[in-house]
Amino acid sequence: MNIKLTMLALAFVASPVFFVHVWASETQISLKQLIEYALERDLSREQLLSQSLAIRETGMASATLMDPKVKIGVGGLPLDTLGFDDDPMTNIAIGFMQQFSRGDTLALQQQKMNQQADSIELQLGVRELEIANTMTKLWLELGYQQQAEQILLQNRSLMVEMVRFIDTNYAIGKGETQDLLQAQLQVSQLDEKLQANQQMQRRIMSQLSEWLGADWLKDGRPLATSNQLEWPKLDELLSRNQHNNEHYSLLEKHPMIAITKASIAGNQTQVAIANEAYKPEFSIEVMYANRQANGMGGKPASDLISAYLTVDVPLFTGNRQDRNHAAAQYQLGAAKAQRDQLLRQMNAQVNALLVDKHNLNERIALYQNTLLKQAKATTKAVERGYENNTAQFNDVIGAVRAELALSLEQSRLVTDLNITQSNLAALLGGFDYQVEQPQVARPSARK
């Protein structure tokens, strides 16, 4: 067996670019399709939309005047006879009363409820970004595990060939027992790594089944993925803000910031509601009284009509209206502080991710330009030494394992770089997917 050819084949097979090309041609479903499919099946989006619609309906109900009150009764009924026509003061009365809220309170309450509904509906965008980020990172992790599996399988195949080669030489007295045992041990260790790899792949697929469904696991359908992606939209967004550590213009569009803005708007409306509390509250009452007895002159007594206007005048506002108004202003200040703090936190996260992105790119370049080349040169040198009986078989095994470890480490760095890109896309809106608003069944009419 020619060890030099073996090492060259191994180096070719271990190339990450080679596997990305193969898997890309075999992919049955793209990541974008997978994300859109996951979003369509996500019940949390339907739940959030239902909650938003419920609050809007509640807002419409709260903006309606109170139902009028009807009062029916008897007045001036004599206890000795209980007759309706014995005393002219006796009357049968029916009245209506309607209460009106202070100023524009009802309209403002509906506006506040709609703002709360907007806040919940904006959580749809947060949920979509969360799913897109989660699916992307699972896709990348599965791509890394699939690439590692192929490298391990090829390495195992080559080690099996090496076992046969050493076994043949040993049979004719040219090999050492420890070389054969060492090669067999390497095959067993690779088998264990392959089992661990399969376990990790099944685990990731189980996580994906949240959106792909349990049938996906039962059918055992393959999913060809990759550990690196193109990020055209994210790259375009980042190019607008190069050499600048402030990314607020991009973060302002994030759904989380939009939610805090909706919260600020709701608190501003609450301040307006508190201002309306200084205005009077009115209620109107109209009553009609029918009298069946005769009057003092013997003629039928005239029916009566009464009208009342009740005004609730807020004269003592120190411990109620003033306190509620101050509380609403404090809440407004707290909402603004929450928005500013969230912007600072998200801006810091973006800067930290950009540092990781820069460092990972430098490390990947170091692997590609230096470490892998040095590892290949070391493997070739040890190979020549083994062929010339100046190096031990353990040295060959060590050099091969080091080269493979560097190849896997480089793939890990590429995966980590793309995971960093995914986290940046979740913050800056760098994902490219399209999904329609979930459909919510309208409630049936009351019977």
L332 to I264 - nearest heavy-atom pair and separation: CD1-O, 3.6 Å

E121 versus Q437, side-chain donor and acceptor atoms under 3.5 Å: yes

From CA spacing to verdict: salt bridge (Lys or Arg N to Asp or Glu O under 4.0 Å), D87, R291: CA-CA 9 Å; D87 192 311; R291 294 197 294 180; over 6 Å; no

Check: R45 main-chain N/O paired with D42 side-chain donor or acceptor under 3.5 Å: yes

Test side-chain contact (heavy atoms from CB on, under 4.5 Å) applied to M113 and M60, step by step: CA-CA 8 Å; M113 297 294 282; M60 293 183 65; over 6 Å; no

Donor-acceptor contact below 3.5 Å, side chain E36 vs main chain Q434: yes

R320 backbone acceptor or donor facing D322 side chain under 3.5 Å: no

Spatial distance of atom CZ (R202) from atom CD (Q145) [nearest 0.5 Å]: 11.5 Å

Candidate pair S62 and Q109, rule side-chain hydrogen bond (donor to acceptor under 3.5 Å, both in side chains), full reasoning: CA-CA 7 Å; S62 64; Q109 285 178 343; 4.8 Å; no

4.5 Å side-chain heavy-atom contact, V414 and Y144: no

Check against salt bridge (Lys or Arg N to Asp or Glu O under 4.0 Å), K137 and E141: CA-CA 6 Å; K137 290 191 287 189; E141 286 291 347; over 6 Å; no

T420 to L360 - nearest heavy-atom pair and separation: OG1-CD1, 3.7 Å

Side chain S157, main chain L153, donor-acceptor under 3.5 Å: no

Shortest non-hydrogen separation from L194 to R156 and the atoms involved: CD1-CD, 4.0 Å

Check: A117 main-chain N/O paired with S52 side-chain donor or acceptor under 3.5 Å: yes

Minimum-distance pair of heavy atoms, taken over all atoms of E403 and L372: O-CD2, 4.4 Å

Under 3.5 Å donor-acceptor, S422 side chain and N418 backbone: no

Any side-chain heavy-atom pair of L251 and M256 under 4.5 Å: no

Residue among Q111, Q110, Q116 satisfying side-chain contact (heavy atoms from CB on, under 4.5 Å) with N114: Q110

Side-chain touch V350/L250, heavy atoms, less than 4.5 angstrom: no

Under 3.5 Å: donor-acceptor pair, side chain of N133, backbone of A425: no

Minimum-distance pair of heavy atoms, taken over all atoms of L223 and Q146: O-NE2, 2.7 Å

NZ/NE/NH1/NH2 to OD/OE distance under 4.0 Å, K279 and E276: yes

Side-chain heavy atoms of N351 within contact of H247, under 4.5 Å: yes

side-chain hydrogen bond (donor to acceptor under 3.5 Å, both in side chains) between N197 and Q201, intermediate numbers included: CA-CA 6 Å; N197 180 276; Q201 289 195 46; 2.7 Å; yes

Any side-chain heavy-atom pair of V74 and F84 under 4.5 Å: yes

Spacing of NE2 belonging to H254 relative to CG belonging to L343, to within rounding of 0.5 Å: 10.5 Å

Non-hydrogen side-chain atoms of Q115 and Q268 separated by less than 4.5 Å: no

Backbone N/O of S263 and side chain of N267: donor-acceptor pair under 3.5 Å: yes

Test item: M346 and I257 side chains (from C-beta on) under 4.5 Å apart, heavy atoms: yes

Check: S50 side chain, E46 main-chain N or O, donor-acceptor pair, under 3.5 Å: yes

Any donor-acceptor pair under 3.5 Å from D303 side chain to Y288 backbone: no

Set of salt bridge (charged side-chain N to carboxylate O under 4.0 Å, His left out) partners for K112, sequence neighbours left out: none

pair P314-R102: side-chain heavy atoms closer than 4.5 Å: yes

Shortest non-hydrogen separation from F431 to W231 and the atoms involved: CE2-CZ3, 4.0 Å

Test log, rule side-chain contact (heavy atoms from CB on, under 4.5 Å), inputs N423 and I419: CA-CA 6 Å; N423 289 330; I419 288 176; 4.0 Å; yes

Test side-chain contact (heavy atoms from CB on, under 4.5 Å) applied to Q186 and Q189, step by step: CA-CA 5 Å; Q186 292 301 312; Q189 289 178 338; 3.5 Å; yes

Pair E130-R127, side-chain contact (heavy atoms from CB on, under 4.5 Å): steps then yes or no: CA-CA 5 Å; E130 178 185 343; R127 178 63 177 171; 3.4 Å; yes

Test side-chain hydrogen bond (donor to acceptor under 3.5 Å, both in side chains) applied to Q99 and E281, step by step: CA-CA 8 Å; Q99 185 175 350; E281 184 178 62; 3.2 Å; yes

Step-by-step salt bridge (Lys or Arg N to Asp or Glu O under 4.0 Å) determination, E409 to R412: CA-CA 5 Å; E409 288 170 8; R412 182 69 257 176; over 6 Å; no

